[in-house]
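To start, the structure under review is shown below, and the notes come after it.
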Amino acid sequence: MPEVIYSLAGKRVYVAGHRGMVGSALVRRLVAEDCELLTATRSEVDLTRQSEVEAWMEKNQPDAVFLAAARVGGILANDTYPADFLYDNLILEANIIHAAHKVGVEKLLFLGSSCIYPKFADQPIVEEALLTGPLEPTNEWYAIAKIAGIKLCQAYRKQHGSDFISAMPTNLFGPGDNFDLNSSHVMPALIRKAHEAKLNNLPEITIWGTGTPRREFLHVDDCADACVHLMKVYSGDTHVNVGSGEDLTILELARLVCKIVGFQGAIVKDLSKPDGTPRKMMSSEKLLSLGWFPKFELRQAIESVYRSFLEESHVGVISTNTRTGADC
Ligand code: GFB
């Protein structure tokens, strides 16, 4: 196990975006650390307002920051609201990173996404593939904002010596996910579609696109654990991929979800919807070499999320809010 170079013990740790899926997983994970957790609701501080962010940081003086706040969404939301995804993410990350620098935050971890990489990057995608080719058009707006976040961390490190690092998670899922069928990612959408089809004895569910794109999935609790690990053991200019090391096609995923949910009908393809990137399987060698390994296996992770979906009674309670926290 690598040496702990930054201990969270006794530190004031701010989780920006604590109500989102990633932020709430970080809050759950940080309970195990001997630190003082700081959070702020949107009514206390609007992260898109520079003066509010600076005033809050000045008043609360965090030692460490996990930047998990973001406007996030699935392929259709990204494609439909490019201005929101670009503007909101740029402004909130710039506000938080700059304010963190101003108040002398010791360490900051910025969360991005695997969509920062070129659409046709070699697989598995290594960190060095960043900015080596054109982006996937459906989410280039979000990707550009996340690339800017990485660059902000590198720039403050270079100019001011700030210990600001970045983690790039693969497609995430878990408790607190967005189950709205228009704005969600594929995993919650499939869970909900299969569940509702089973309840209503429907003959089929519809998946978007050809079903051939491959995606790598990681349970959000694994992602939170990896972020806390990186905060403690990593300090460097390069962002670090956070993945599970396995991917599958969307059709294979749909079959797996149907099996877990107990839906036995057909799977139909809606070819009017986009496929997006054909494959974005990341290399997580850098993270593995830092002594971190995922704990969840995919099937077991989907089963646990389906259980929490049932407990949270999402059916009939539809959120249209894409501003749910860090991706994705
Ligand atoms: O998860 P998803 O929306 O995002 O879609 P991306 C993944 C794949 O699943 C695409 C297909 O090929 C979709 O066409 N898919 C099939 C579905 N059925 C469905 C469905 O019912 N709902 C959804 N949402 N997809 C996002 C980016 O890309 O990935 C974000 O737009 C972010 O910016 C995130 O980077 C990680 O993986 O294509």
Side-chain angles (χ1 to χ4, degrees), residues 20-22 70-82 84-86 88-90 111-119 121 125 130 135-147 149-150 167-174 177-197 204-218 220 223 241-244 247-258 261 263 267-282 302 305 318 320 322-328:
M21 182 174 72
V22 177
R71 176 177 288 278
V72 302
I75 192 166
L76 197 62
N78 271 264
D79 205 24
T80 312
Y81 306 108
D84 293 354
F85 276 80
L86 182 55
D88 284 357
N89 287 307
L90 277 177
L111 273 132
S113 160
S114 59
C115 69
I116 57 161
Y117 291 113
K119 175 169 182 156
I125 312 174
L130 184 66
L135 298 164
E136 153 60 29
T138 53
N139 57 35
E140 65 178 317
W141 322 97
Y142 181 77
I144 290 282
K146 290 296 182 181
I147 293 169
I150 296 174
M168 295 302 119
T170 188
N171 288 41
L172 301 174
F173 68 102
D177 211 338
N178 169 19
F179 285 86
D180 171 60
L181 293 181
N182 287 317
S183 59
S184 75
H185 290 97
V186 63
M187 183 72 85
L190 292 180
I191 291 175
R192 179 170 172 185
K193 284 177 183 178
H195 176 73
E196 291 185 352
E204 62 192 34
I205 62 162
T206 304
I207 61 168
W208 295 353
T210 60
T212 58
R214 301 184 73 88
R215 292 291 183 271
E216 179 189 15
F217 294 93
L218 184 72
V220 72
C223 175
N241 290 343
V242 179
S244 62
D247 69 354
L248 74 175
T249 68
I250 295 303
L251 187 58
E252 287 167 343
L253 176 71
R255 290 195 183 119
L256 179 59
V257 169
C258 287
V261 169
F263 172 67
I267 297 170
V268 175
K269 297 167 191 170
D270 176 357
L271 298 178
S272 71
K273 295 287 195 307
D275 267 347
T277 305
R279 192 179 185 200
K280 46 178 172 175
M281 166 81 183
M282 297 199 301
I302 300 173
V305 170
I318 302 171
T320 51
T322 55
R323 193 175 178 139
T324 54
D327 210 0
C328 37

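Each ligand, and each atom within it, is numbered from 1 in the order the structure gives.
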- Query: So, the side chain of Glu216 versus the backbone of Met282: is there a donor-acceptor pair under 3.5 Å, distance only?
  - Reply: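 A pair under 3.5 Å: yes.
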Under 3.5 Å, N or O to N or O, is [X] touching ligand 1 that way?
X	result
Thr206	no
Ile207	no
Leu181	no

Which of the numbered atoms in ligand 1 are under 4.0 angstrom from any heavy atom belonging to [X]?
X	answer
Cys115	33 (O), 35 (O)
Gly74	3 (O), 31 (O)
Gly73	30 (C)
Asp275	10 (C), 12 (O)

Identity of the nearest option to [atom], non-hydrogen atoms only, from [options]:
atom	options	result
atom 24 (N) of ligand 1	Pro188, Ala189, Gly112, Ser184	Ser184
atom 30 (C) of ligand 1	Val72, Leu172, Asn78	Asn78
atom 14 (O) of ligand 1	Pro278, Pro274, Gly209, Ser113	Pro274
atom 21 (O) of ligand 1	Arg214, Lys193, His185	Lys193

Is the shortest side-chain heavy-atom distance between [X] and [Y] below 4.5 Å?
X	Y	value
Leu190	Phe173	no
Asp247	Arg279	yes
Asn171	Met187	no
Glu140	Cys115	no
Leu253	Ile207	no
Ile150	Met168	yes

Heavy-atom contact check, 4.0 Å cutoff: does [X] meet ligand 1?
X	answer
Lys273	no
Ala254	no
Pro213	yes
Ile250	yes
Met187	no
Lys280	yes

- Query: Under 3.5 Å, is there a donor-acceptor pair linking the side chains of Thr210 and Asp275?
  - Reply: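 Note: Thr210 and Asp275 side chains meet the donor-acceptor criterion.
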- Message: Is it true that Tyr81 and Asp88 share a donor-acceptor pair across their side chains at a distance under 3.5 Å?
- Response: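 No, no side-chain donor-acceptor contact under 3.5 Å.
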- Task: Decide yes or no on side-chain contact (heavy atoms from CB on, under 4.5 Å) for Val305 and Asp177, but give the supporting numbers first.
- Result: CA-CA 9 Å; Val305 170; Asp177 211 338; 5.9 Å; no
Using a 4.0 Å heavy-atom cut-off, say whether [X] meets ligand 1 through its side chain, its backbone, both or neither.
X	result
Glu136	neither
Ile75	both
Ala143	neither
Tyr142	side chain
Asn139	side chain

- Task: Could you go through the side-chain contact (heavy atoms from CB on, under 4.5 Å) check for Lys280 and Thr170 one step at a time?
- Result: CA-CA 8 Å; Lys280 46 178 172 175; Thr170 188; 6.0 Å; no
- Task: Could you walk me through whether Ser183 and Asn178 pass side-chain contact (heavy atoms from CB on, under 4.5 Å), step by step?
- Result: CA-CA 8 Å; Ser183 59; Asn178 169 19; 2.9 Å; yes
- Message: Heavy-atom count check: over 12 atoms from other residues, nucleotides or ligands less than 6.0 Å from Trp141 CH2?
- Response: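 Open: at most 12 neighbouring heavy atoms sit under 6.0 Å from CH2 of Trp141.
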